[in-house]
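Following: one structure in structure tokens, then a few remarks.
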Amino acid sequence: MVVLSDPAAGAGSGAVAPLVADALFPSVHLRAEDFRRAVRQGYVAPDRPEARRQNLTALAATAQAAFAFASGGYQVVVEGSVAPTALDAFRRESRATGAALHYVVLNGGTAGGAGADGAPQAGGPAADAAEATADTVLAGLRRGAYLLGW
């Protein structure tokens, strides 16, 4: 299970996540935004304070779906803005299923390093750098650089 987080618009998870998923086998690529957008009636823009319940519910649904695929033997790449404080839903599912959880934060800078919260980061690509960033993420996954404990 890999969560690629894109905390800032344009950091690149939308370009990188499909490349990472395509390099894994068998694999699934889920977009957290799709789960939030599944709300038809009563949808609240995710940046509004009153969207908290909606956002937490959609994130929990994303985590449950992701770990259902992981339990079925798939390597799952979740794309979305998942702040470290919101990782609890993924940690709970990781504990429940025994599937590993990796957390990668993409930023607008160069590859590698750690964010202000201490999470390892991979560089945020322009369109022509998405493959290089995906390669950096894949290399980090092989080393266990993004593996979270429970």
Side-chain angles (χ1 to χ4, degrees), residues 1-40 43-44 46-47 51-108 111-125 127 129-150:
M1 163 64 59
V2 179
V3 176
L4 283 180
S5 184
D6 183 351
S13 70
V16 176
L19 294 172
V20 171
D22 287 347
L24 304 171
F25 184 85
S27 67
V28 172
H29 169 216
L30 298 176
R31 291 172 13 109
E33 177 65 15
D34 292 340
F35 287 82
R36 190 171 29 250
R37 291 278 180 192
V39 175
R40 301 302 296 173
Y43 177 81
V44 179
D47 58 339
R52 179 170 163 56
R53 182 178 61 88
Q54 168 190 282
N55 293 343
L56 291 174
T57 301
L59 196 59
T62 305
Q64 290 168 3
F67 280 97
F69 277 112
S71 293
Y74 291 90
Q75 297 186 66
V76 182
V77 177
V78 176
E79 167 193 339
S81 182
V82 182
T85 55
L87 281 173
D88 286 344
F90 289 90
R91 283 194 172 111
R92 275 191 304 275
E93 294 299 322
S94 178
R95 271 188 230 109
T97 63
L101 174 60
H102 301 265
Y103 178 61
V104 181
V105 178
L106 300 180
N107 65 28
D117 59 9
Q121 296 188 345
E131 286 187 34
T133 300
D135 289 343
T136 298
V137 169
L138 290 162
L141 291 172
R142 284 189 292 274
R143 289 191 320 273
Y146 310 118
L147 185 61
L148 294 182
W150 293 328

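Just so it is clear, the values below take in all heavy atoms, side chains as well, and ignore hydrogens, waters and symmetry mates.
Counting heavy atoms from C-beta outward, V77 and L4 have side chains that approach closer than 4.5 Å. Between F69 and M1 the shortest side-chain heavy-atom distance does not fall below 4.5 Å. You'll find the side chain of E131 reaches within 4.5 Å of the side chain of L19, heavy atoms only. Proximity of V39 to Q54: side-chain heavy atoms (C-beta onward) are separated by under 4.5 Å at one or more points. Side chains of R36 and N55 form a contact here, defined as non-hydrogen atoms less than 4.5 Å apart. Considering only heavy atoms from C-beta on, V76 stays 4.5 Å or farther from F67 through its side chain. The side-chain heavy atoms of L59 and V82, taken from C-beta on, include a pair separated by under 4.5 Å.
Nearest heavy atom pair, residue H29 against residue P18, reads CE1-CG, 3.8 Å. Residue A21 comes nearest to S27 through the heavy atom pair O-OG, 2.5 Å, listed as atom of the first residue, atom of the second, then distance. Looking at every heavy atom in both residues, A32 comes nearest to G80 through CB-CA, 4.2 Å. The two atoms that bring A60 and A89 nearest to each other are CA-CB, 4.0 Å, heavy atoms only.
Remark: side-chain polar atoms of S5 are not paired, donor with acceptor, to backbone N or O of S81 under 3.5 angstrom. Under the 3.5 Å distance criterion, the side-chain polar atoms of T62 are matched with a main-chain donor or acceptor of A58. In this structure, the side chain of S94 does not engage the main chain of R91 through any donor-acceptor pair within 3.5 Å. Side chain of Q75 to backbone of F25: a donor-acceptor contact under 3.5 angstrom is found. A distance-only check finds a donor-acceptor pair linking the side chain of T136 to the backbone of A132 [under 3.5 Å].
For D34, the salt bridge (charged side-chain N to carboxylate O under 4.0 Å, His left out) partners two or more places apart in sequence, or in a different chain, are R31.
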| field | Test log, rule side-chain contact (heavy atoms from CB on, under 4.5 Å), inputs V3 and V104 | value | CA-CA 6 Å; V3 176; V104 181; over 6 Å; no
| task | Run the numbers on L148 and L87 for side-chain contact (heavy atoms from CB on, under 4.5 Å), then give the verdict. | result | CA-CA 10 Å; L148 294 182; L87 281 173; 3.7 Å; yes
| field | Worked check of side-chain contact (heavy atoms from CB on, under 4.5 Å) between L147 and Y103 | value | CA-CA 7 Å; L147 185 61; Y103 178 61; over 6 Å; no
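Interatomic distance, CG of L24 versus OH of Y74, reported as 13.5 Å (0.5 Å rounding). Rounded to the nearest 0.5 angstrom, L101 CG and R92 CZ are separated by 12.0 Å.
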